[in-house]
Amino acid sequence: MLTLGLRAHDFMISDDLEQLTQTIADNGVRVVQFANGISLPHLSQNGRGISAGLGLQVNQMMQAKKLQIGVLSSYINLIDPDETKQAANIAQFKQYLTLAGTYGAHLVATEPGSLDPEFKPTTRNYTPEVVQKTIANVQTLVATAEKVGQLVGIEAGINHPIHSLETIDQLLKTVDSPNLKIILDPVNLLNEDNKGDLYQILEEGLARFGDAIYAVHVKDYQFETTKDIMAPGTGVMDFERFFKIMAHYQPAGLVILDEAPREGLEAGIQLLQETIAKVRD
């Protein structure tokens, strides 16, 4: 059966591990995507000051509630136009890789980044030079991951240099390492030109990239003049169809609820759990 996870910070609980882990456990979820800078802003110095001690505390608290960190997030801008900030971001991600084991995690993930420091949409991210620069920086991270026995996870998005199945393919072929994995979010790859192709993108991504897909993000949405994320069950996502496609390629795969609004989150989790059970049956 598919494994359902969620982003811990979608519960909007900060610097209270006891309450956070209990709330997650109470909702029947066992795997989390964990971002220090959002869930533990004070303890982690907004994500930039993690330590082995903090990792062990988090891991122990997770284990006490029978939870596991499936994805350790380090949200950075890999191609920040400020070279000093870019270097600091890369150093931070490498630190996460070296300490991921203390959290009980095996993969550290990020989105690729943007030439716009405020992440406003820009086609400059799509130029061959910027795509190559991004891939080169990912290669640097993967080299560290190989040394410390960890995995790098990259989540493509329409406003990033890695923004399509084609650029994901380019990334995987160029870096060519088992320590590089993809977090596939088909909603993040939708634009005005392909907004009706969600399930095709999901199926093609799973078929093309195989076990390079570490996890799949799922969310509800609507796409009219703009793309808007909705509470699960209130948008246009056909969750049963989505999960059937995923289960065909990864019957026990990891699917993570992403960007779920706080209001209605518990009901959304229940809806996804019931749908996954239906797909299994």
Side-chain angles (χ1 to χ4, degrees), residues 5-15 20 31-51 54-55 58 69-100 102-103 105-122 125 130 133-135 137-138 140-142 144-145 150-163 168 171 180-185 187-189 214-219 229 254 256-262:
L6 56 75
R7 302 192 312 181
H9 57 271
D10 283 339
F11 277 108
M12 301 179 68
I13 298 170
S14 297
D15 287 312
L20 177 62
V31 179
V32 299
Q33 181 169 334
F34 190 80
N36 284 273
I38 308 177
S39 289
L40 303 175
H42 174 68
L43 292 174
S44 71
Q45 299 175 324
N46 294 315
R48 294 191 173 275
I50 67 168
S51 63
L54 179 58
V58 173
I69 296 177
V71 175
L72 184 63
S73 293
S74 179
Y75 295 118
I76 62 169
N77 188 348
L78 264 177
I79 53 167
D80 194 301
D82 184 321
E83 293 289 339
T84 300
K85 291 181 179 178
Q86 182 183 133
N89 290 341
I90 291 172
Q92 176 188 315
F93 196 98
K94 290 180 177 180
Q95 176 75 341
Y96 271 68
L97 286 169
T98 63
L99 293 176
T102 66
Y103 286 82
H106 303 288
L107 176 139
V108 183
T110 187
E111 295 176 334
S114 176
L115 288 182
D116 188 296
E118 297 180 357
F119 286 85
K120 295 177 182 177
T122 172
N125 288 335
V130 174
K133 173 64 173 177
T134 304
I135 291 174
N137 284 350
V138 172
T140 299
L141 302 180
V142 171
T144 297
Q150 289 290 340
L151 304 173
V152 172
I154 298 296
E155 180 185 349
I158 203 65
N159 191 38
H160 299 269
I162 310 302
H163 60 275
I168 291 174
L171 171 67
L180 174 61
K181 301 297 181 184
I182 299 298
I183 297 176
L184 180 64
D185 188 331
V187 175
N188 278 7
L189 301 180
Y214 180 90
V216 172
H217 274 172
V218 65
K219 63 188 72 165
I229 306 305
L254 174 59
I256 299 174
L257 176 60
D258 184 50
E259 293 187 69
R262 180 62 188 91

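- Qualifying salt bridge (Lys or Arg N to Asp or Glu O under 4.0 Å) partners for R262, counting only residues two or more places apart in sequence or in other chains: E266.
- For Y103, the side chain to side chain donor-acceptor pair (under 3.5 Å) partners are N36, not counting sequence neighbours.
- Contacts of Q45 classified as side chain to side chain donor-acceptor pair (under 3.5 Å), with partners at least two apart in sequence or in another chain: none.
- Between A100 and V108, the shortest heavy-atom contact is CB-CG2, 3.9 Å.
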Between L189 and L184, is a side-chain contact (heavy atoms from CB on, under 4.5 Å) present by the stated rule, with each step listed? CA-CA 9 Å; L189 301 180; L184 180 64; 4.2 Å; yes
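- In terms of heavy atoms, S14 sits closest to I38 at OG-O, 3.6 Å.
- Between L20 and A8, the shortest heavy-atom contact is CD1-O, 3.5 Å.
- Going from atom CG of L151 over to atom NE2 of H106 covers 8.5 Å, rounded to the nearest 0.5 Å.
- Residues passing the salt bridge (Lys or Arg N to Asp or Glu O under 4.0 Å) test with K94: none are found, sequence neighbours excluded.
- Under the rule for a side chain to side chain donor-acceptor pair (under 3.5 Å), the partners of D10 that lie at least two apart in sequence or sit in another chain are R7.
- Note: L99 CG to I50 CD1 = 4.5 Å, rounded to the nearest 0.5 Å.
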N/O donor to acceptor pairs below 3.5 angstrom from side-chain atoms of residues 69-76, sequence neighbours left out:
unit_1 : atom_1 : unit_2 : atom_2 : d
S73    : OG     : Q33    : NE2    : 3.0
S74    : OG     : Q92    : NE2    : 3.3

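- The backbone N or O of G113 lies less than 3.5 Å from no partner atom in the side chain of N77, so there is not a single donor-acceptor pair.
- Scanning both residues, I154 and P112, for their nearest heavy atoms gives CG2-CG, 4.0 Å.
- Looking only at side-chain heavy atoms (C-beta outward), E259 and V187 stay at 4.5 Å or farther from each other.
- A215 and I256 make their closest contact through CB-CD1, 4.2 Å (heavy atoms, listed as atom of the first residue, atom of the second, distance).
- With sequence neighbours excluded, the residues satisfying side-chain contact (heavy atoms from CB on, under 4.5 Å) with L43 are D15, L40, L54.
- Not counting sequence neighbours, N159 has no partner by the side chain to side chain donor-acceptor pair (under 3.5 Å) test.
- Of all the heavy atoms in A35 and H9, the pair that sits closest is CB-ND1, 3.8 Å.
- Between the side chain of N125 and the main chain of L115, a donor-acceptor pair closer than 3.5 Å is present.
- In this structure, I229 CD1 and D258 CG are separated by 7.5 Å, a value rounded to the nearest 0.5 Å.
- Not counting sequence neighbours, the partners of E111 by the side-chain contact (heavy atoms from CB on, under 4.5 Å) test are E155, H160, N188.
- Partner of V138 under the side-chain contact (heavy atoms from CB on, under 4.5 Å) criterion, out of V142, T140, I135: V142 alone.
- For D80, there are no salt bridge (Lys or Arg N to Asp or Glu O under 4.0 Å) partners, not counting sequence neighbours.
- Taking CG of L254 as the reference point, atom NE2 of H217 lies at 8.0 Å (rounded to 0.5 Å).
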Does T144 form a side-chain contact (heavy atoms from CB on, under 4.5 Å) with F93? I'd like the steps, not just the answer. CA-CA 10 Å; T144 297; F93 196 98; over 6 Å; no
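- Scanning for salt bridge (Lys or Arg N to Asp or Glu O under 4.0 Å) contacts around E118 gives K120, with sequence neighbours left out.
- Among the candidates I162, N137, N89, the single residue satisfying the side-chain contact (heavy atoms from CB on, under 4.5 Å) test with L78 is N137.
- Listed by chain and residue number, Y126 satisfy the ring-ring contact (aromatic ring centres under 6.0 Å, His included) test with H163 (two or more places apart in sequence, or in another chain).
- At least one side-chain heavy atom of I183 sits under 4.5 Å from a side-chain heavy atom of L107.
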